[in-house]
Amino acid sequence: MTALGFLYPGHFAEDDYPRMEQLLGSDIRVELSRTGPGADADSAARLAEGVEELRLAGAETVVWASTSGSFTHGWEGAQEQVRTLARLAGMPASSTSFAFVHAAREIGVRRVAVGATYADDVTALFADFLRAGGLEVTGLRSSGAVTAAEAGTWGEEEVLTLARAADAADAQAVLLPDTALHTAAHLGLLEKALSKPVLTANQVTVWEALRLADRRVNAPSLGSLFTREPLVQV
């Protein structure tokens, strides 16, 4: 049994996590601690609130499940945030922003398009973060400061509309960075509609926790990211 820990801010799309747990298999357990939203949601003190709960639940890795709560600090600031989280938790740690970079590398893409629910200036900061991670952003689409609460009400049609609007002909994958969006149930449709990999916030967050635990799981319903077979070393 592998137990994965997540710090999730608020009550928006947290039900994506038990859905993904069901799709991953019986030996993967997802533990979620809600840190609460707010201006200081990404502070060390607020992150520490959920760490003990995850530790007591037996989590082996922990990921801060907030994209904007990490990339807005810049690459170096996000790294320091993860180092602090790892010290607090006493286990391997990461964040959703780094998960996007690592997931893009995993599926072998470099050119990506971004569809965000953020304001234009915040979306631009995410693009800067991706570039710092070695990715080329070929398309950028912002929905204009949709609140997390509103994003959490979006269904399949709204998510698909955002992905299509963000897509660019030369993009090898489309990224949807908001963890407030429900996407776990729509990944198959998204990739079929766009004919390319789609990476979404909650999806890559769970994958990142598995990566930290040195686990790979084949779960095609969760998109191309979860169809990569483990490398066989001879």
With distance as the sole test, does Glu14 use its side chain to make a donor-acceptor pair with the main-chain N or O of Phe12 at under 3.5 Å? yes
Which atom pair, heavy atoms only, marks the closest approach of Ala13 to His182? CA-NE2, 3.4 Å
Taking all non-hydrogen atoms of both residues, which atom of Ser142 and which atom of Ala119 are closest, and how far apart? OG-C, 3.4 Å
To the nearest 0.5 Å, how far apart are OG1 in Thr2 and CG in Leu210? 7.5 Å
Does any donor atom in the side chain of Thr179 or Thr96 lie under 3.5 Å from an acceptor atom in the other side chain? no
Please lay out, stage by stage, how Val112 and Val174 fare under the test side chain to side chain contact (heavy atoms under 4.5 Å, CB included). CA-CA 6 Å; Val112 301; Val174 173; over 6 Å; no
Spacing of CZ belonging to Arg216 relative to CZ belonging to Phe226, to within rounding of 0.5 Å: 11.5 Å
Between Leu212 and Val62, is any pair of side-chain heavy atoms under 4.5 Å apart? no
Which atom pair, heavy atoms only, marks the closest approach of Ser143 to Thr117? CB-CA, 3.9 Å
Determine whether Leu140 and Phe126 make a side-chain contact, defined as any pair of heavy atoms from C-beta on separated by less than 4.5 Å. no
For the pair Arg141 and Asp120, find out whether any cationic side-chain nitrogen is under 4.0 Å from an anionic carboxylate oxygen. no
Would you call Arg164 and Asp167 a salt bridge, taking side-chain N to carboxylate O under 4.0 Å as the test? no
As an exercise, state the distance from CG of Leu24 to CG of Asn218, rounded to the nearest 0.5 Å. 10.5 Å
Asp214 atom CG, over 12 foreign heavy atoms within 6.0 Å: no
With side chain to side chain contact (heavy atoms under 4.5 Å, CB included) as the test, would you mind laying out the steps for Thr84 and Leu47 before giving the verdict? CA-CA 9 Å; Thr84 299; Leu47 294 178; over 6 Å; no
Working to the nearest 0.5 Å, report the span between CE of Met91 and CG of Leu85. 8.5 Å
Using a distance-only test with no angle check, is there a side-chain donor-acceptor pair under 3.5 angstrom linking Arg111 and Thr138? no
With ring-ring contact (aromatic ring centres under 6.0 Å, His included) as the test, would you mind laying out the steps for Phe71 and Phe98 before giving the verdict? CA-CA 8 Å; Phe71 73 74; Phe98 287 117; over 10 Å; no
Output yes when Glu136 and Arg110 qualify as a salt bridge under the 4.0 Å nitrogen-oxygen rule, no when they do not. yes
Are any of the side-chain heavy atoms of Val198 and His186 separated by less than 4.5 Å? no
Determine whether a donor-acceptor pair (N or O, by modelled atom type, separation under 3.5 Å) exists between the side chain of Trp154 and the backbone of Leu181. no
Carboxylate-amine/guanidinium proximity below 4.0 Å for Glu191 and Lys196: no
Donor-acceptor contact below 3.5 Å, side chain Glu60 vs main chain Ala3: yes
Sidechain-backbone polar pair: Thr200 side chain, Leu176 backbone, donor-acceptor under 3.5 Å: no
Nearest non-hydrogen partners of Ala103 and Val204, listed with the distance: CB-CG1, 3.8 Å
Check: Pro177 main-chain N/O paired with Thr67 side-chain donor or acceptor under 3.5 Å: yes
Where is the tightest heavy-atom contact between Ala166 and Ala113, given as atom of each residue plus distance? O-CB, 3.3 Å
Option among Val101, Thr72, Val137 that satisfies the side chain to side chain contact (heavy atoms under 4.5 Å, CB included) test with Phe129: Val101
Might you work through the side-chain hydrogen bond (donor to acceptor under 3.5 Å, both in side chains) test for Tyr118 and Asp178, ending with a clear yes or no? CA-CA 8 Å; Tyr118 314 132; Asp178 195 345; 4.6 Å; no
Working for side chain to side chain contact (heavy atoms under 4.5 Å, CB included), residues Leu225 and Gln203: CA-CA 9 Å; Leu225 179 61; Gln203 171 212 36; 3.9 Å; yes
Side chain Thr123, main chain Ala116, donor-acceptor under 3.5 Å: no
Between Glu53 and Arg55, is there a side-chain N and carboxylate O pair less than 4.0 Å apart? no
Indicate the atoms forming the closest heavy-atom contact of Leu88 with Ala48, along with that distance. CD1-CB, 4.0 Å
I'd like to know if the side chain of Gln22 and the backbone of Tyr17 have a donor-acceptor N/O pair within less than 3.5 Å. no
For Glu21 and Arg29: C-alpha separation, side-chain torsions, deciding distance, then whether salt bridge (charged side-chain N to carboxylate O under 4.0 Å, His left out) applies. CA-CA 6 Å; Glu21 180 186 61; Arg29 191 172 82 246; 5.9 Å; no
